[in-house]
Amino acid sequence: MSRPFKPYPFSPRHYEGVVPHLTNGRDPRGRSVAIVGGGPVGMTLALALARQGVRSVLIEADDGVCTGSRAICISRRSLEIFKRLGVVQGFLEKGLPWTGGRSFYRDTEVFRFAMHQDEEQSLPPMINIAQYQIEQLLLDEVQRHADLIDICWQTRVTGIEQKPAGQGTDGTEGAGGATLTLRTGDTAWRMHADWVVACDGGRSTIREALGLKLTGTTYEGRYVIVDIELNSTRPTERLAYFDPPSNPGSTVLVHKQPDNVWRIDYQLRDDEDPESAVQPENVMPRVQSVLDSMGETGDWSPIWITVYKANALTLERFRHGSVLFAGDAAHLVPIFGVRGANSGIDDADNLGWKLACVVNGVASPHLLDSYSDERVYAARENLSYGMKSTEFMAPPSFAFDLMRTAVLSLAERHAAVRPLINPRQTHAIAYVQSPLNDASTRAAGAFNKGPAPGTVLPECRLKRMDPDASADIHLTDLLEPCFTALRFTAGANAQQDTAWQQLRDSLAKQGIPFKDVTLVRSATADAVRPHVMDHTGRLHDMLDATPGTVYLIRPDGHVLARWRDGSAAAAQHAIRMALTI
Ligand SMILES: Cc1cc2nc3c(=O)[nH]c(=O)nc-3n(C[C@H](O)[C@H](O)[C@H](O)COP(=O)(O)OP(=O)(O)OC[C@H]3O[C@@H](n4cnc5c(N)ncnc54)[C@H](O)[C@@H]3O)c2cc1C
């Protein structure tokens, strides 16, 4: 139920649907990877595969990027992923960074939250940017990789048939691939791909065609989502108003977006009809009273009005033979806590390197089961946070409503209840029980703290010391979509350096993406160059690192293994175990 009023300040490009040359109604090209759905998740996956040199075809039913009001908040974790994929700059230029928010009960401020932010960070904890802008930035990068990514616009997948498990050409489950049925304009055609990734959104055709069901909770509470144009210099923060004088009995959320667009979400009462709720005569006075209460006196006009209902649903498994699911096709997360697109981007990052290793013949297809294990676990974590937020933002029963009223009434005077108002914004999920961790932690020595296998690294300022210059960098600048060994040392060690050189050569020959980085404390600045200097000692402290410590990082930035006394041989073993799992 959506009502467009006027165009967003954005000029979308429209692309034609072109049918390839067919042989007997079939695309004669053998495709390694077909990605169904060119939303944020499908495009991130195509880029992740391209960074590993893997070709893919993106199949998109529409003729360009999305329209309407969808995601606006992109997390630091997603920005880290975009940084590794080489696409973050546009997000930082266009997005509005913010670090926290305020909640009000009636007309009193009852809670303030701040997301983690300090001088060590290279990326803001969150930016606001409209989903059409997110998709445009990704599409621009996809088009720069036209040698590796084909796009079929205006092409809808209508069916899929995959060979039964175990029927693959090499005898492994899923290696037989799947045949897609497609429609471009009036032309129906078929395409075969070794691997199909369903990124076709919440109403996934592929999920339906395979008879798979999402399970979980569907909420009845509805929100009206209004995007308006308003020129205001108010800072970017998350504003939540509970039972405000402007909209008694309702909850209102306000977010600033780029280009003078504002998002105003308000909860409908149970007795309100959603159909009439989106009528302008009902929306305009409510938005006006919200703006009045905020002291916003400028002219404004509506751009888009829609109704939202929260779902907290997931598939049980994200791999079904040669078909993989990612993003909204795999799970539907409530918007409160902004985990939808952000978690889908994380899916794509996790799947990208694994699928590339399988396609490039350096990993067993079983590695893809770890994608399912890790990301189903992440989906369940995200759902549990998302459900808590939803129950607070739109109480599903009288009991939840009562509890919320009690919390809000007490919050002004009692600090202990305030965390219950916290919106629990999205964060990177640690894969604490990943099967990949098992393979790699056996040889690990004792650490008192620091990111354990399965966890992502904290950010830190560092200095890159090259033979004739030094540069200020961050830890995330060292992470590329490859395995990365962070070697903490006290100085040059010829024997070890030779072993690491041999490992680099051996992995390069096998086509396994890898690099190692030598890190020293400032006191050992005379160590062999090039190296990276932890001039504040903070990274050593956060990672509990001493000379000899090695952290082995996966291409998606999660720790694969760590050793107090690491070696090239141990790293080689851990990578081999992960790829042959
Ligand atoms: C009001 C609202 C606010 C939100 N706010 C946030 C937020 O702040 N942060 C956040 O992280 N998330 C947010 N979300 C969620 C976010 O929009 C989704 O999680 C995200 O769009 C999922 O991306 P996706 O690529 O998986 O699916 P989609 O974006 O739905 O993309 C799927 C693509 O597949 C195409 N497609 C569908 N069927 C077929 C087919 N059969 N053949 C070919 N192509 C097909 C579609 O045209 C579409 O382009 C919000 C959602 C809403 C509704």
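Treat the numbers as computed from the prediction; the structure is a model and nothing was measured. Atoms within each ligand, like the ligands themselves, are counted from 1 in listed order.
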Do the side chains of R286 and V226 get nearer than 4.5 Å, heavy atoms only?
no

Would you call [X] and [Y] a salt bridge, using N to O less than 4.0 angstrom?
X	Y	value
D140	R13	yes
E391	K388	no
E459	R76	no

From the options [options], select the one whose nearest heavy atom is closest to [atom].
atom	options	result
atom 7 (C) of ligand 1	S343, A71, P40	A71
atom 29 (O) of ligand 1	H331, E135, R70	R70
atom 38 (N) of ligand 1	D63, I35, L182, D200	D200
atom 22 (C) of ligand 1	L180, T306, D328	D328
atom 45 (C) of ligand 1	G68, A61, G202	A61

Is it the side chain, the backbone, both or neither of [X] that has a heavy atom closer than 4.0 Å to ligand 1?
X	answer
C199	backbone
R203	neither
T155	backbone

Around [atom], find the nearest protein heavy atom and jot down its residue, atom name and distance.
atom	value
atom 53 (C) of ligand 1	Y308 CD1, 4.1 Å
atom 35 (C) of ligand 1	E60 OE1, 3.3 Å
atom 25 (O) of ligand 1	V41 N, 3.1 Å
atom 31 (O) of ligand 1	G39 CA, 3.6 Å
atom 34 (O) of ligand 1	G37 CA, 3.2 Å

Has [X] got more than 12 heavy atoms of other residues, nucleotides or ligands less than 6.0 Å from its [atom1]?
X	atom1	value
E161	CD	no
E272	CD	yes
D271	CG	yes

Would you mind telling me which of W262, W304, Y8 makes a side-chain hydrogen bond (donor to acceptor under 3.5 Å, both in side chains) with D227?
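Output: one option passes, namely Y8.
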
